[in-house]
Amino acid sequence: MNLQDKVIIVTGGGQGLGRVMAEHLASKGARLALLDLDLEKLDAAVSACTAHGIDARAYPCNVADEIQVIDAMTSIARDFGAIHGLINNAGILRDGFLLRMQNETLAKMSLNDWRSVIDVNLTGGFLCTREAAAKMVELKTPGTIINISSISRAGNIGQSNYSAAKAGVAAATVTWSKELARYGIRVAGIAPGFIETEMTLGMKPEALERVTAGIPLKRMGRADEIAHAAAFIFENDYYDGRILELDGGLRM
Ligand code: NAP
């Protein structure tokens with residue numbers, strides 16, 4: 001798919017990987033619909049995209065809320081008249097051990113921490129994919145959907161909720177690629193390792209140092225390297241049903 005004038009939706013587009021991917025796609029001539037929780041962040045990201053001379057719009061939306069997602073996709077279809085691409089990027093962390101002995105008391109991961117991570121990272125991707133794909137079929141503008149999984153999908157200590165969600169994202173990617181190919185829609189994923197964004201900068205410095213030391217390339221990834229991979233998936237019409245691993249060689 002040539003990205004010039006294509007309408008691409010990026011969830012979590014207000015900051016981090018979402019914003020950098022959106023700007024990169026804008027630099028290739030794509031038109032952007034950005035979804036995120038915070039309107040101020042969205043407006044700043046939209047301005048950065050329109051600086052490339054393309055049309056970009058903000059849609060405040062909680063991707064875990066079915067009605068909000070349906071409303072956002074309906075508005076995007078009305079505003080742009082087409083949907084050619086979606087990146088399911090919105091995600092959160094609520095790290096913690098399933099069980100942890102603290103001062104002789106057994107602390108447990110809360111159901112709320114489990115559910116909120118599954119709701120945003122997995123259910124959010126399900127809702128956005130279902131609604132965006134339905135619009136692609138209705139508008140006869142089939143395109144490509146990219147799901148952001150993670151290296152943690154293999155199972156990472158302290159991340160039962162996040163690992164389960166990202167493994168679900170990877171499995172759903174394969175399933176949807178098989179189901180949606182008949183409508184001309186490709187679905188693929190990216191599994192980043194540790195990338196420099198607000199999400200990872202929130203980690204403790206000693207944890208970051210430990211992680212970086214274990215990466216064969218001895219550095220964290222950059223958001224523009226993930227953006228480059230997203231553009232590759234959109235542009236290469238034979239890439240489908242696979243998860244592109246971008247982690248500097250790190251293995252969990
Ligand atoms: P980030 O900097 O925290 O950005 C995520 C964005 O998503 C934020 O703007 C956040 O808004 C938004 N968001 C959160 N919950 C949302 C919801 N319910 N509805 C709509 N938007 C929501 O994270 P990032 O590092 O760019 O990560 C982007 C994606 O890559 C995530 O799926 C993450 O799991 C994945 N990933 C990241 C790394 C990494 O090393 N950075 C590695 C592997 C995978 P608020 O800030 O207001 O919550």
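Residue numbers run from 1 in the order of the sequence given. When a ligand or atom number is given, it counts from 1 through the structure's own listing order.
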Q) Would you call Arg210 and Glu206 a salt bridge, using N to O less than 4.0 angstrom? A) no
(Q) Within the supplied structure, the quantity of interest is the number of heavy atoms (other residues, nucleotides, ligands) at a distance under 6.0 Å from Leu39 CG; does it exceed 12? (A) yes
Q) With respect to atom 13 (N) of ligand 1, which of Asp119, Ile87, Asp36 exhibits the smallest heavy-atom separation? A) Asp36
Q) What residue and atom, counting heavy atoms only, is the protein's closest point to atom 24 (P) of ligand 1, and at what distance? A) Thr197 OG1, 3.6 Å
Q: Report the nearest protein non-hydrogen atom to atom 48 (O) of ligand 1: residue, atom name, distance rounded to 0.1 Å.
A: Leu37 CD1, 4.1 Å
(Q) Return the closest protein heavy atom for atom 35 (C) of ligand 1 as residue, atom name and distance. (A) Ile148 CG2, 3.6 Å
Q) Hey, is Arg19 one of the residues with a heavy atom under 4.0 angstrom from ligand 1? A) no
Q. In this structure, are over 12 heavy atoms from other groups packed under 6.0 Å from Arg130 atom CZ?
A. yes
Q. Counting heavy atoms only, which of Gly202, Cys128, Gly12, Cys61 is nearest atom 20 (C) of ligand 1?
A. Cys61
(Q) I need the atoms of ligand 1 closer than 4.0 Å to a non-hydrogen atom of Gly16, numbered in the order shown. (A) 2 (O), 26 (O)
Q) Shortest non-hydrogen contact from Leu32 to Val10? A) CD1-CG2, 3.9 Å
Q) What are the two closest heavy atoms between Leu42 and Leu34, and how far apart are they? A) CD2-O, 3.4 Å
Q.
Testing the basics here: between Gly143 and Met136, what is the closest heavy-atom pair and its distance to 0.1 Å?
A. N-SD, 3.6 Å
Q: Among all protein heavy atoms, pick out the one at the shortest distance from atom 40 (O) of ligand 1; state its residue, atom name and that distance to 0.1 Å.
A: Ile195 N, 2.7 Å
**Q.** Distance, nearest 0.5 Å, that separates CD1 of Ile76 from CZ of Arg31
**A.** 12.0 Å
Q. Which part of Val63 is near ligand 1, with near meaning a heavy atom under 4.0 Å away: side chain, backbone, both or neither?
A. both
(Q) To check you understand the geometry: which heavy-atom pair defines the closest contact between Ala191 and Ile243, and what is its length? (A) CB-CG2, 3.6 Å
Q: Examine ligand 1 and decide if any of its atoms is less than 4.0 Å from a heavy atom belonging to Gly193.
A: yes
Q: Indicate yes or no: does Glu235 engage Lys6 in a salt bridge with an N to O separation below 4.0 Å.
A: no
Q | ligand 1 versus Glu196: contacting region, heavy-atom distance under 4.0 Å | A | neither
Q | Atoms of ligand 1, numbered as shown, that sit under 4.0 Å from any heavy atom of Ser150 | A | 43 (C), 44 (C)
**Q.** Heavy-atom nearest neighbour in the protein, as seen from atom 3 (O) of ligand 1, with distance rounded to 0.1 Å
**A.** Gln15 NE2, 3.4 Å
Q: Report the part of Met220 in contact with ligand 1, treating N, CA, C, O as backbone and CB onward as side chain, heavy atoms under 4.0 Å; options are side chain, backbone, both, neither.
A: neither
Q) Can you tell which part of Leu17 has a heavy atom less than 4.0 Å from ligand 1: side chain, backbone, both or neither? A) both
Q: Please confirm whether Leu35 comes under 4.0 Å of ligand 1, counting heavy atoms of the residue only.
A: no
Q.
Using every non-hydrogen atom in the two residues, find where Tyr162 and Met199 come nearest and quote the distance to one decimal.
A. OH-SD, 4.4 Å
Q: Determine whether the side chain, the backbone, both or neither of Asn62 has a heavy atom under 4.0 Å from any heavy atom of ligand 1.
A: both
Q | Identity and distance of the protein heavy atom lying nearest atom 5 (C) of ligand 1 | A | Gly91 O, 3.9 Å
Q: State, yes or no, whether a side-chain contact exists between Thr175 and Val187 at a heavy-atom distance under 4.5 Å.
A: no
Q | Within 6.0 Å of OH in Tyr183, more than 12 heavy atoms from elsewhere | A | no
Q) Within a reach of under 6.0 Å around NZ of Lys204, are more than 12 heavy atoms found that belong to other residues, nucleotides or ligands? A) no
Q: Identify, by atom number and element, the atoms of ligand 1 in contact range of Lys41, meaning under 4.0 Å from any of its heavy atoms.
A: 8 (C), 9 (O), 11 (O), 45 (P), 46 (O), 47 (O)
(Q) Quick check for you: to the nearest 0.5 Å, what is the distance between Lys166 atom NZ and Asn147 atom CG? (A) 9.0 Å
Q | Shortest non-hydrogen contact between Ala188 and Ile233, atoms and distance | A | CB-CG2, 3.9 Å
**Q.** Residue selection (non-hydrogen contact nearest atom 34 (O) of ligand 1) among Tyr59, Phe194, Tyr162
**A.** Tyr162
**Q.** atom 14 (C) of ligand 1 - nearest protein heavy atom and its distance
**A.** Ile92 CG2, 3.6 Å
Q | Non-hydrogen atom of Asn89 closer than 4.0 Å to ligand 1 | A | yes
(Q) Under a 4.0 angstrom heavy-atom cut-off, which atoms of ligand 1 come close to Val120? (A) 15 (N), 16 (C), 18 (N)
(Q) With heavy-atom distances below 4.0 Å as the criterion, list the atoms of ligand 1 near Thr200. (A) 39 (C), 40 (O), 41 (N)
Q | Per-residue contact class, Ser149 against ligand 1 - non-hydrogen pairs under 4.0 Å | A | backbone
